[in-house]
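Inspection log for the structure reproduced underneath, given as structure tokens.
Start at 1 with the first residue, then count along the sequence.
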Amino acid sequence: MVHPLDGAQLKLARADIHLNAIKTAIQEFVGPDPDLIPGEFDRAAHQYVFRAQRDSRSPTWISPAIGDCVHNLRAALDYLVWELVGGASGGGTTSTEFPIFTDPLQYTREAPRKIRGVPRAAEAAFKALQPFYGPNSDPFHPDWRDPEREPLAFLRDLERWDKHRSLNLTEDQVSAELVGFEQLGILVSPHPAVLPGRFERGTVLARAEVPLGRPNVEVYLRATYDVTFGRHGPADGEPVLQTLTSIRQEVAGRVLPVIAQFLPTD
């Protein structure tokens, strides 16, 4: 017997296949342990130089899997609306879809067309799920977060970008910590420096000036890698795996239970 949630659950299952593939690829690239990069002492400049020990992957290396993942997550949401407006009996239209807006005024203007035909009781639920809703409607609220950086907003933008403009590109993010400088009487920040970009083996990642340089002292740069969405695109600078996982959790853990209560049970 067909259940109204079957379509959404099927799309979630397909999204999970691609999400797991992305997870495996990133974990294989990043590795379980940080790189410990030895410092090369530059006598002329009185500084230690730290060079990348690996090459970045192509910016498109997991783009197809990202696209498939976000397409299926987005489709899972659209299936819910389709079922609410009687999609099986032809109640939906080409404009029927799950609305995602970060601007409440734009939501008021455009969302009714997207959810036309849903039960009246469900209309308020759609609004309450929007990135702009609740504390996010007031920038002075202590729990305010930028609606544009919410999971559903990322889903909307990543899917649109892949569908209409370009692949979602990635780049490396290196969290770098200096190690061993206490031997030189130098205190270093306990907070890692974040270095985004794409690197080739031998690229200088960091320099540390030591005016009274002691080339015989071994120091290191502890480099921990992650893969983020590229700058100049949606979710720029956000970790790919963490972002897609949070979107998946939002869709399956928050949106589906809220909307499912309005679906027909017969």
Side-chain angles (χ1 to χ4, degrees), residues 19-66 69 145-146 148-149 151 154 157-158 161 166-247:
L19 183 57
N20 288 333
I22 293 167
K23 179 179 180 180
T24 298
I26 290 177
Q27 288 179 338
E28 288 178 353
F29 169 69
V30 170
D33 302 309
D35 286 348
L36 200 59
I37 303 172
E40 306 169 11
F41 189 70
D42 184 334
R43 294 177 180 273
H46 293 282
Q47 59 184 210
Y48 288 98
V49 178
F50 304 91
R51 301 182 185 276
Q53 304 294 294
R54 61 174 75 184
D55 295 324
S56 292
R57 302 293 299 270
S58 163
T60 62
W61 69 298
I62 53 174
S63 293
I66 292 172
C69 183
R145 297 185 301 188
D146 184 354
E148 296 287 348
R149 311 300 288 185
F154 283 152
D157 294 343
L158 288 166
W161 188 269
S166 177
L167 293 173
N168 287 296
L169 306 181
T170 64
E171 62 183 23
D172 291 351
Q173 179 175 283
V174 182
S175 296
E177 303 172 83
L178 294 172
V179 178
F181 277 77
E182 69 280 356
Q183 303 171 78
L184 302 170
I186 298 174
L187 298 178
V188 299
S189 172
H191 305 291
V194 176
L195 313 172
R198 300 185 183 104
F199 309 101
E200 295 181 357
R201 188 182 302 271
T203 300
V204 175
L205 292 177
R207 301 176 187 271
E209 293 191 6
V210 183
L212 302 177
R214 292 163 58 188
N216 59 311
V217 175
E218 295 182 351
V219 296
Y220 300 88
L221 188 75
R222 182 185 293 118
T224 304
Y225 289 81
D226 201 351
V227 179
T228 69
F229 286 104
R231 288 163 285 180
H232 315 301
D236 57 302
E238 297 289 338
V240 169
L241 184 57
Q242 178 182 318
T243 300
L244 294 178
T245 300
S246 69
I247 293 171

Inset, instruction - For the pair Tyr225 and Phe29, name the ring-plane relationship: parallel under 30°, tilted 30 to 60°, perpendicular over 60°. - result: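 Rings of Tyr225 and Phe29: perpendicular, over 60°.
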
Indicate yes or no for a side-chain donor-acceptor contact from [X] to the backbone of [Y] under 3.5 Å, with no hydrogens or angles considered.
| X | Y | answer |
| --- | --- | --- |
| Asp55 | Arg201 | yes |
| Thr24 | Ala21 | no |
| Gln183 | Glu218 | yes |
| Asp146 | Glu148 | yes |
| Asn168 | Leu158 | yes |

Minimum side-chain heavy-atom gap [X]-[Y] below 4.5 Å:
| X | Y | value |
| --- | --- | --- |
| Tyr48 | Phe181 | yes |
| Val194 | Val174 | no |
| Val219 | Leu178 | no |

When rounded to the nearest 0.5 angstrom, what is the spacing between [atom1] in [X] and [atom2] in [Y]?
| X | Y | atom1 | atom2 | result |
| --- | --- | --- | --- | --- |
| Thr170 | Ile66 | OG1 | CD1 | 6.0 Å |
| Arg198 | Ser58 | CZ | OG | 8.0 Å |
| Trp61 | Leu167 | CH2 | CG | 14.5 Å |
| Arg54 | Glu200 | CZ | CD | 15.0 Å |
| Thr228 | Asp172 | OG1 | CG | 7.5 Å |
| Ile22 | Leu241 | CD1 | CG | 8.0 Å |

What's the shortest heavy-atom distance between [X] and [Y], and which atoms?
| X | Y | answer |
| --- | --- | --- |
| Phe199 | Ala52 | CB-CB, 4.4 Å |
| Arg222 | Pro34 | CG-CB, 3.7 Å |
| Pro234 | Trp161 | CD-CD2, 3.5 Å |
| Ser246 | Pro151 | O-CB, 4.0 Å |
| Leu205 | Leu195 | O-CD1, 3.6 Å |
| Ile37 | Phe50 | O-CD2, 3.5 Å |

Legend entry - Glu182, CD atom: more than 12 neighbouring heavy atoms under 6.0 Å: yes

Inset, instruction - Start with the C-alpha distance between Arg43 and Phe41, add both sets of side-chain angles, then the distance that settles side chain to side chain contact (heavy atoms under 4.5 Å, CB included), and finish with yes or no. - result: CA-CA 6 Å; Arg43 294 177 180 273; Phe41 189 70; 3.9 Å; yes

Inset, instruction - With sequence neighbours left out, write down each residue that passes salt bridge (Lys or Arg N to Asp or Glu O under 4.0 Å) with Glu40, or none if nothing qualifies. - result: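 For Glu40 the salt bridge (Lys or Arg N to Asp or Glu O under 4.0 Å) partners, ignoring immediate neighbours, are Arg51.
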
Inset, instruction - Only counting residues at least two apart or in another chain, list the ones meeting salt bridge (Lys or Arg N to Asp or Glu O under 4.0 Å) with Asp42. - result: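 By the salt bridge (Lys or Arg N to Asp or Glu O under 4.0 Å) rule, Asp42 matches no residue at all.
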
Legend entry - Check ion pair Asp236-Arg149 (N to O, under 4.0 angstrom): yes

